[in-house]
Amino acid sequence: MATSVLVCGIYSIAFAIFHMLFWKIFGWKKDLAKLRPENRAIMQILNLRLIYVFLFAGVMCFVFPEELHTYAMGKTFMAGFSVFWLGRTVEQVVFLRVNHPAVHVLTAVFILGSILFAIPVLF
């Protein structure tokens, strides 16, 4: 079952990499320049903190797969990330009301994240 935790690690690292590409993917150099300096800073700081959180989760999954699957603290960690991805899914629906295939794919990927992180908790 530690394999399921390793899959969560890969998932987390993939999201860290995805967030590292936000400046290029979303043309942030141009688009963020339109924001007030404090909002521009907040967007970038939040994204950098998310990169850290995803890298941290990924490293934890690779370094402590048995502990995250077996012990109460590990299961709590995994449950917390499952709820994180569930919340991200809800926020996607509430705030990103864009009818685009990429948005729908991301919503499905967020649901997948919630399920992946729940598996070590439930089984």
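All residue numbers refer to positions in the sequence shown, counting from 1.
Neither Met73 nor Phe123 shares a network with the other; the hydrophobic side chains, linked directly or stepwise wherever heavy atoms of I, L, V, M, F, W or Y lie under 4.5 Å apart, form separate groups for each. Transitive grouping of hydrophobic side chains (ILVMFWY, heavy atoms separated by less than 4.5 Å) keeps Leu46 and Phe110 in distinct clusters. When hydrophobic clusters are built by joining Ile, Leu, Val, Met, Phe, Trp and Tyr residues whose side-chain heavy atoms come closer than 4.5 Å, directly or via intermediates, Leu68 is not grouped with Leu122. Cluster annotation: Leu21 is connected to Met43 through the hydrophobic network of ILVMFWY side chains, with a link wherever side-chain heavy atoms come within less than 4.5 Å. Ile119 and Ile13 fall into different hydrophobic clusters, where Ile, Leu, Val, Met, Phe, Trp and Tyr side chains are chained together by heavy-atom contacts under 4.5 Å.
Rounded to the nearest 0.5 Å, atoms CD1 (Ile25) and CZ (Phe18) are 5.0 Å apart. Interatomic distance, Ile42 CD1 to Leu35 CG, rounded to the nearest 0.5 Å: 10.0 Å. Interatomic distance, CZ of Phe84 versus OG1 of Thr89, reported as 10.0 Å (0.5 Å rounding). Put simply, NE2 on His19 and CG on Leu48 are 11.0 Å apart, with the number rounded to the nearest 0.5 Å. Expressed to the nearest 0.5 Å, how far CG of Leu55 lies from CG of Leu50 amounts to 10.5 Å. Considering CD1 of Ile51 and CG of Asn47, their distance stands at 4.5 Å, rounded to 0.5 Å.
No donor-acceptor pair under 3.5 Å is formed between the side chain of His69 and the backbone N or O of Phe64. Between the side chain of Ser82 and the backbone N or O of Met78 there is no donor-acceptor pair closer than 3.5 Å.
Shortest non-hydrogen contact noted between Leu32 and Gln44 is CD1-CG, 3.6 Å. Ala33 approaches Arg40 most closely through the heavy-atom pair O-NH1, 3.5 Å. The shortest heavy-atom contact between Val121 and Ala79 is CG2-N, 3.5 Å.
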Let's go through Phe81 and Phe54 carefully: what are the C-alpha distance in whole Å and the side-chain angles of both, what is the deciding distance for ring-ring contact (aromatic ring centres under 6.0 Å, His included) to 0.1 Å, and is it a yes or a no? CA-CA 10 Å; Phe81 271 92; Phe54 295 145; 7.6 Å; no
Dump the intermediate steps for side chain to side chain contact (heavy atoms under 4.5 Å, CB included) on Tyr71 and Phe77, then the final yes or no. CA-CA 10 Å; Tyr71 296 107; Phe77 179 89; over 6 Å; no
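Between Ile115 and Ile111 the shortest side-chain heavy-atom distance falls below 4.5 Å. The shortest side-chain heavy-atom distance between Ser12 and Phe62 does not fall under the 4.5 Å cut-off.
Classified by interplanar angle (parallel below 30°, tilted 30° to 60°, perpendicular above 60°), the ring pair Phe26/Phe22 is perpendicular. Using cut-offs of 30° and 60° for the angle between ring planes, the Tyr11 and Trp85 rings count as perpendicular.
In the model, Gln92 has a side-chain atom that pairs as donor or acceptor with a side-chain atom of Arg88 under 3.5 Å.
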